[in-house]
*Asks:* 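This is the structure I have questions about; it appears just below.
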There are 2 protein chains.
Amino acid sequence: MSTTNTENPTLTKLLDAAEEQMLSCGYVAASIDGICTAAGVTKGSFFHYFKSKEELGKVLLERFGNRQQERFMDACTGIADPLERVYKVIETAIQSCQSPDMKGCLIGTFAQEISETHPELREICKCSFEGFATGMGADLTAAKELYAKGASFDAASLGAYFLSVIQGSMLLMRTNGDGEAMALNLEHFREYLRSLYGR
Amino acid sequence: MSTTNTENPTLTKLLDAAEEQMLSCGYVAASIDGICTAAGVTKGSFFHYFKSKEELGKVLLERFGNRQQERFMDACTGIADPLERVYKVIETAIQSCQSPDMKGCLIGTFAQEISETHPELREICKCSFEGFATGMGADLTAAKELYAKGASFDAASLGAYFLSVIQGSMLLMRTNGDGEAMALNLEHFREYLRSLYGR
DNA sequence: ACTGTCATACCGACCGGTAGGTAGGTGGCC
DNA sequence: GGCCACCTACCTACCGGTCGGTATGACAGT
């Protein structure tokens, strides 16, 4: 039942298969049997690593959240200016949404499906969302101090606004198939920031 | 098997119960048994009106889409100016997202869950989304001609952007519970329009 | 070096429950 | 009498989860 992963190949296969299935079909529709088949592993093995489907969900959510955070951390290490850091994050998002291996956001997928039925999973989604939104909000508040001191807009809520644009765009992507619209949306958001902070 | 509704009480109860369950738990997790129990009707009766769960989904999606369209139509009949019409829609959205009987968007919920597994349902979601986005886009394009003729922004894509903000905000609402953040997001969007079209 | 012990990793048959869906009615109304 | 709305009873498949078992390998005692 040890779920801490130090390159355990079976566990990794299980997690990867589960992530893929849940990203495309959602948490409920992804069955444990299906995940095991995709991972080339039996059900007994699954329950050796996870005590329930919900626990798999937690681990998956945590892993996805950490990876995403890492990604954005990597993108803007070394950038001191908060506004530049935000622009860098937007640019990173624009680039990654156009790559074909962009399968969507597990946190958004889960949030939609299980918020009423699995409070613990919802809580993890909420924390991930809040972490991202408040992080961006902090940078944007600091940037306001630097570049738009007297202006009347609420910088802190821009983080959640940005997150909404991302999640909404990804939702629309599911019916459209392509990520082109998402790139346009992110550009609109960037343009909004420019109008607030000056160019 | 006639699904056309001219005030059929049983059918209406079935549809209402299904909509409520699917809005809160999603399409997959909402069971036919559960819907029938909530509607106070037996399963035989359900299959008298719908030949499958997927057909229920179609009818539900159609009904929800039409209602939503009606709602926004009503909100801005008589307003000739396209930009004012858009602002009116935004205001309507801000108001309705703060009311407690705001349960979310069925189309967004479905789009997330079934886009990979039920192509016909996905198509309906896509059409609803596109209808809304291009409708708003048309008004915003017309408004650009009137108020921001020379400007360089892409007015047509603002419709999809608006829709993304709405859908993303609703997704975040599911983890937060309250619609306050959504109102803030819509105000940010309105502010963006003001920056593009002048005040 | 050999052997017994024990934990870990993994297997696959099996369980009860519930899912979507079907069949065959019953009763009321034109 | 026949149609329509609706009900009861039932079917099969599959769901999440359990359980008894096996293969492997590290380690200890002799």
Side-chain angles (χ1 to χ4, degrees), chain A residues 1-22 24-61 109-110 113-114 116-121, chain B residues 1-22 24-61 109-110 113-114 116-121:
Chain A
M1 200 65 66
S2 83
T3 307
T4 48
N5 191 359
T6 320
E7 229 47 64
N8 177 329
T10 306
L11 180 55
T12 305
K13 270 194 292 176
L14 232 20
L15 286 169
D16 288 345
E19 183 171 312
E20 198 193 313
Q21 302 241 338
M22 288 187 176
S24 65
C25 305
Y27 175 84
V28 182
S31 75
I32 295 174
D33 281 309
I35 291 164
C36 291
T37 306
V41 156
T42 58
K43 198 142 67 159
S45 194
F46 176 94
F47 282 98
H48 173 70
Y49 287 104
F50 307 102
K51 73 170 196 286
S52 67
K53 190 182 183 183
E54 185 169 5
E55 204 203 77
L56 164 69
K58 284 187 205 174
V59 175
L60 230 37
L61 231 31
T109 306
F110 274 45
E113 263 191 289
I114 47 69
E116 300 281 320
T117 46
H118 296 69
E120 294 186 30
L121 294 179
Chain B
M1 199 63 67
S2 83
T3 307
T4 49
N5 190 0
T6 320
E7 229 47 63
N8 176 330
T10 307
L11 180 56
T12 305
K13 270 194 293 178
L14 233 20
L15 286 169
D16 288 345
E19 184 172 311
E20 198 193 314
Q21 303 241 338
M22 289 187 176
S24 66
C25 304
Y27 174 84
V28 182
S31 74
I32 295 175
D33 281 308
I35 291 164
C36 291
T37 306
V41 155
T42 58
K43 197 143 69 159
S45 193
F46 177 94
F47 282 98
H48 174 69
Y49 287 104
F50 307 102
K51 73 170 197 285
S52 67
K53 190 183 184 183
E54 185 169 4
E55 204 204 77
L56 164 69
K58 283 187 205 174
V59 175
L60 230 37
L61 230 32
T109 307
F110 274 44
E113 264 190 289
I114 48 69
E116 299 281 321
T117 46
H118 296 69
E120 293 186 29
L121 294 179

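Below, chains carry the letters A, B, ... as their sequence lines are ordered, and counting in each starts from 1.
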*Asks:* In B/S/- notation, 5' to 3', how is nucleotides 25-30 of chain C contacted by protein heavy atoms closer than 4.0 Å?
*Replies:* ------
*Asks:* Just by modelled atom types, is the A:Y27 backbone N or O under 3.5 Å from a matching donor or acceptor in the A:K53 side chain?
*Replies:*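 Indeed, once roles are kept as given, a pair shorter than 3.5 Å links the two residues.
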*Asks:* If you look at every heavy atom in A:I35 and A:L14, which pair is closest and at what distance?
*Replies:*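 Nearest pair, atom of A:I35 first, then A:L14: CG2-O, 3.9 Å.
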*Asks:* Once you round it to whole Å, what is the distance between P of C:dT22 and CZ of B:F50?
*Replies:*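 About 15 Å, once rounded to whole Å.
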*Asks:* Is the phosphate of D:dC6 approached by B:H48 (side-chain N or O, under 4.0 Å from OP1 or OP2)?
*Replies:*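 Checking B:H48 against D:dC6: no side-chain N or O falls below 4.0 Å of OP1 or OP2.
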*Asks:* Would you indicate whether the side-chain heavy atoms of A:F50 and A:I32 approach each other to under 4.5 Å?
*Replies:*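 Side-chain contact under 4.5 Å: no.
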*Asks:* So do the side chains of B:T10 and B:H48 get within less than 4.5 Å of each other, counting heavy atoms only?
*Replies:*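 In short, these two side chains do not touch, never coming nearer than 4.5 Å.
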*Asks:* Under a 4.5 Å cut-off applied to non-hydrogen side-chain atoms, are A:V28 and A:T117 in contact?
*Replies:*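 No, too far: nothing below the 4.5 Å cut-off.
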*Asks:* Taking all heavy atoms of B:C36 and all of B:K43, pick out the closest pair and write down the distance.
*Replies:*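 B:C36 and B:K43 have their closest heavy atoms at SG-CA, 3.8 Å.
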*Asks:* Counting only side-chain nitrogens and oxygens, does A:S45 get under 4.0 Å of the OP1 or OP2 atom of C:dC11?
*Replies:*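 Looking at the OP1 and OP2 atoms of C:dC11, one of them is under 4.0 Å from a side-chain N or O of A:S45.
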*Asks:* If the sugar-phosphate is the primed atoms plus P, OP1 and OP2 and the base is the rest, what is the B/S/- string for nucleotides 12-22 of chain D, using protein heavy atoms under 4.0 Å?
*Replies:* ---SBBB----
*Asks:* Would B:Y49 and B:V59 count as a side chain to side chain contact (heavy atoms under 4.5 Å, CB included) here? Give the steps.
*Replies:* CA-CA 11 Å; B:Y49 287 104; B:V59 175; over 6 Å; no
*Asks:* Side chains of B:E54 and B:I114: closer than 4.5 Å at any heavy-atom pair?
*Replies:*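 The answer is no; the side chains never approach within 4.5 Å.
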